[in-house]
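Following: one structure in structure tokens, then a few remarks.
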Amino acid sequence: MPVRKFRRVEDMEAPTWRRPGDPALYRTMNAVWDLGARMSRRVHPYGVTKYSSIEQMSQAQEKTAREPR
Amino acid sequence: MDYATLKSLLAALERHGVTYAVFGAVELSLHGLVRFTEDLDIFIAPDASNVERLKSALCSVVDDAEIDQITAADLLGSYPAVQYVAPDGAFRVDILARLGTAFAFADLQIDRVPFDGLTVSVVSVPTLYRMKKDTVRLKDRADAELLKQRFNLAEE
């Protein structure tokens, strides 16, 4: 990742949008997801789990996320 | 979920002719705002033959008999949200047939976007914005605001 310089601290917070189809986008996805996967503490239960709504599914996933590995 | 797995999954959906639309963090990344996510969120057309194609696609990525537990009867009936986690936890797919009363597959606007040599189906940006802006999760609402600014979407 190259050095980036900002004139204002506020600018550092701005999200970086990349152009769809740009190889740089895929390189970034690859790097971010590789790092995220290595750092993630979540262990989701194996298999198929069925929910009556997306809210119920989200709640279950958040609960899993809070449980110690 | 790593990048190579995502690509394998999306390639399999295309190869098997699944009628689907990606949404969530993967879609946001495909539009240019990269977000780490552990799962692939997909809407699927809720008909039995499409669910069978989905299962074939998943089986082509991971040989797992558990995938047979995904059924059209569930997705069309009492369980419109199904989560599948691969045996080694390598990836998770969240499969939706409908989202509350607000979104059904037939109501979705679907676009085709490039993804590293593939072309894949995603819900349209305005649809993704509507999905995110009214959720309870703060990060989703923040992403909705970013989408609104980036794509000059009108306030609803």
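The figures that follow rest on heavy atoms only: side chains count, while hydrogens, waters and symmetry mates do not. Every chain is numbered from 1, with letters handed out A, B, ... down the list of sequences.
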Heavy-atom pair of closest approach, residues A:Met29 and B:Ser29: CE-CB, 3.9 Å
Joint cluster assignment, B:Val18 & B:Met1, ILVMFWY side-chain distance < 4.5 Å: yes
Residue pair A:Pro20 / B:His31: nearest heavy atoms and the distance that separates them: CG-O, 3.6 Å
Gap between atom CG of B:Leu147 and atom CH2 of A:Trp17 - 0.5 Å precision: 4.5 Å
Closest heavy-atom pair and its distance - A:Val48, B:Glu66: N-OE2, 2.9 Å
Same apolar cluster (I L V M F W Y, side chains within < 4.5 Å links), B:Ile42/B:Val125: no
Parallel, tilted or perpendicular: ring planes of B:Tyr84 versus A:Tyr46, cut at 30 and 60 degrees: perpendicular
Spatial distance of atom CD1 (B:Ile95) from atom CE (A:Met57) [nearest 0.5 Å]: 8.5 Å
Donor-acceptor contact present, side-chain A:Trp33 to main-chain B:Arg35, <3.5 Å: yes
Proximal component of A:Asn30, with respect to chain B [non-hydrogen, under 4.5 Å]: both
Under 4.5 Å from a heavy atom of chain B, the part of A:Thr16 involved: backbone
Max heavy-atom pair count under 4.5 Å with chain B, selected residue of A:Pro23, A:Pro45, A:Gly21, A:Ala24: A:Pro45
Choice from B:Val93, B:Leu146, B:Asp88 maximising heavy atom contacts with chain A below 4.5 Å: B:Leu146
Spatial distance of atom CD1 (B:Ile70) from atom OG1 (A:Thr49) [nearest 0.5 Å]: 10.0 Å
Same apolar cluster (I L V M F W Y, side chains within < 4.5 Å links), B:Val22/B:Phe43: no
Choice from B:Leu30, B:Thr37, B:Asp94 maximising heavy atom contacts with chain A below 4.5 Å: B:Asp94
Within one Ile-Leu-Val-Met-Phe-Trp-Tyr cluster: B:Phe115 and B:Leu33, side-chain cutoff 4.5 Å: no
Spacing of A:Asp22 atom CG and B:Asp116 atom CG [to the nearest 0.5 Å]: 11.0 Å
All N/O donor-acceptor pairs, side-chain side in residues 73-81 of chain B, below 3.5 Å, sequence neighbours left out:
from: B:Asp74; atom 1: OD2; to: A:Lys50; atom 2: NZ; distance (Å): 2.3
from: B:Asp74; atom 1: OD2; to: B:Thr71; atom 2: OG1; distance (Å): 3.0

More than 12 heavy atoms from other groups under 6.0 Å of CD on B:Glu145: yes
Chain A contacts, top residue of B:Asp39, B:Ile67, B:Asp64, B:Asp2 (heavy-atom pairs, under 4.5 Å): B:Asp64
Contacting region of A:Ser52 [heavy-atom separation from chain B under 4.5 Å]: both
Verify same cluster id: B:Val61, B:Val51 (apolar side-chain graph, 4.5 Å): yes
Working for side chain to side chain donor-acceptor pair (under 3.5 Å), residues A:Gln61 and B:Glu38: CA-CA 11 Å; A:Gln61 291 169 350; B:Glu38 295 177 306; over 6 Å; no
